[in-house]
Amino acid sequence: MRRDVFQAIADPIRRDIIELLSTQTLTVNEVANKFKISRPAISKHLKILSECDIITFNQVGRERICVIRPEKLIPAFLWINQYNKLWEDRIDSFENYLNQIQSKSINNE
């Protein structure tokens, strides 16, 4: 099955794992210990992240170290970023609307 970065970030647990690994490398067990779900469930999420090429595993003795590949998140960032201006404009428009309502309310008092 071909996976991509959007499948990687689609699940909140995987997003949490990405965030966790963004600041440190951890063993698979250390990652699993940070969550209140089963070790096999974490392993499944890590497998998907690996298939999406978001993380790699480095074997150190008997331990598998999870290492993030942040550059692989760039396509998702670019896709999301294109909507930034749209949302900023809508939020600004809503803020202006609220200010108008507030101004009318103050003037009517």
Side-chain angles (χ1 to χ4, degrees):
M1 170 185 269
R2 175 103 171 101
R3 297 191 185 269
D4 64 20
V5 66
F6 297 100
Q7 288 174 307
I9 64 172
D11 185 276
I13 297 291
R14 289 194 292 273
R15 290 192 302 268
D16 289 345
I17 292 170
I18 289 168
E19 182 177 348
L20 182 64
L21 294 175
S22 71
T23 60
Q24 59 191 323
T25 58
L26 297 170
T27 66
V28 171
N29 286 329
E30 289 171 330
V31 171
N33 289 337
K34 303 280 186 183
F35 295 90
K36 293 181 180 181
I37 60 175
S38 70
R39 167 81 162 64
I42 289 295
S43 291
K44 181 180 177 184
H45 285 296
L46 291 172
K47 180 181 179 193
I48 291 169
L49 289 172
S50 177
E51 289 172 355
C52 296
D53 211 21
I54 303 298
I55 66 168
T56 59
F57 298 105
N58 293 339
Q59 193 75 34
V60 178
R62 294 174 52 191
E63 296 287 344
R64 291 175 58 207
I65 310 294
C66 304
V67 180
I68 194 162
R69 301 187 64 205
E71 71 278 5
K72 298 298 183 171
L73 294 167
I74 291 173
F77 170 78
L78 293 174
W79 185 80
I80 292 167
N81 196 47
Q82 70 183 338
Y83 296 100
N84 191 33
K85 177 74 171 132
L86 169 74
W87 284 107
E88 283 180 359
D89 290 347
R90 288 185 180 190
I91 290 170
D92 288 346
S93 176
F94 184 65
E95 183 179 24
N96 290 338
Y97 173 73
L98 291 177
N99 287 337
Q100 288 174 358
I101 290 174
Q102 185 179 22
S103 175
K104 287 179 183 178
S105 173
I106 290 171
N107 291 337
N108 288 336
E109 289 181 1

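Heavy-atom basis, side chains included; hydrogens, waters and symmetry copies ignored.
Judged purely by atom type and a 3.5 angstrom limit, Gln59 uses its side chain to pair as donor or acceptor with the backbone of Gly61. Between the side chain of Arg15 and the backbone N or O of Ala10, at least one donor-acceptor pair lies under 3.5 Å. Proximity of a side-chain donor or acceptor of Ser93 to a complementary backbone N or O of Arg90 within less than 3.5 Å is not detected.
Of all non-hydrogen atoms in Glu30 and Leu26, the two that sit nearest each other are OE1-CA, 3.3 Å. Gln7 and Cys52 get closest at one heavy-atom pair: CB-SG, 4.3 Å. The two residues Cys66 and Phe57 come nearest to each other via the heavy atoms SG-CE2, 3.6 Å.
A single hydrophobic cluster is seen to contain both Val5 and Ile80, as judged by linkage of ILVMFWY side chains at heavy-atom distances under 4.5 Å, directly or through other members. Tyr83 and Leu78 are members of different hydrophobic clusters when ILVMFWY side chains are connected at heavy-atom separations under 4.5 Å. Clustering ILVMFWY residues whenever any of their side-chain heavy atoms sit less than 4.5 angstrom apart, transitively, puts Leu46 in a cluster other than the one holding Ile65. Val67 is not connected to Leu20 by any chain of hydrophobic side-chain contacts under 4.5 Å among Ile, Leu, Val, Met, Phe, Trp and Tyr, and they are in different clusters. Hydrophobic clustering of Ile, Leu, Val, Met, Phe, Trp and Tyr side chains at less than 4.5 Å, counting indirect connections, keeps Ile48 apart from Ile54.
Annotation: side chain of Leu73 is in contact with side chain of Ile9 (closest heavy-atom distance under 4.5 Å). The shortest distance between side-chain heavy atoms of Arg39 and Asn29 falls below 4.5 Å.
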Check your understanding: What's the verdict on side-chain contact (heavy atoms from CB on, under 4.5 Å) for Ile55 and Lys72, showing C-alpha distance, side-chain angles and the deciding distance?
Key -> CA-CA 9 Å; Ile55 66 168; Lys72 298 298 183 171; over 6 Å; no
Practice item. Show your reasoning for whether side-chain contact (heavy atoms from CB on, under 4.5 Å) applies to Ile37 and His45. Key: CA-CA 11 Å; Ile37 60 175; His45 285 296; 4.1 Å; yes
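Within the model, atoms NZ of Lys47 and OG of Ser50 stand 9.5 Å from one another, a figure rounded to the nearest 0.5 Å. Atoms CG and CD1, from Asn96 and Ile91 in turn, are 12.0 Å apart once rounded to the nearest 0.5 Å. A distance of 8.5 Å separates CG in Asp16 from CG in Asp11, rounded to the nearest 0.5 Å. A distance of 11.0 Å separates CD1 in Ile68 from OG1 in Thr25, rounded to the nearest 0.5 Å. Atom NZ of residue Lys44 and atom CD1 of residue Ile42 lie 12.0 Å apart, to the nearest 0.5 angstrom. To the nearest 0.5 angstrom, Thr56 atom OG1 is 11.5 Å from Leu49 atom CG.
Around CZ of Phe77, the count of heavy atoms belonging to other residues, nucleotides or ligands within 6.0 Å does not exceed 12. Surrounding CD of Gln24 are more than 12 heavy atoms belonging to other residues, nucleotides or ligands, all under 6.0 Å away.
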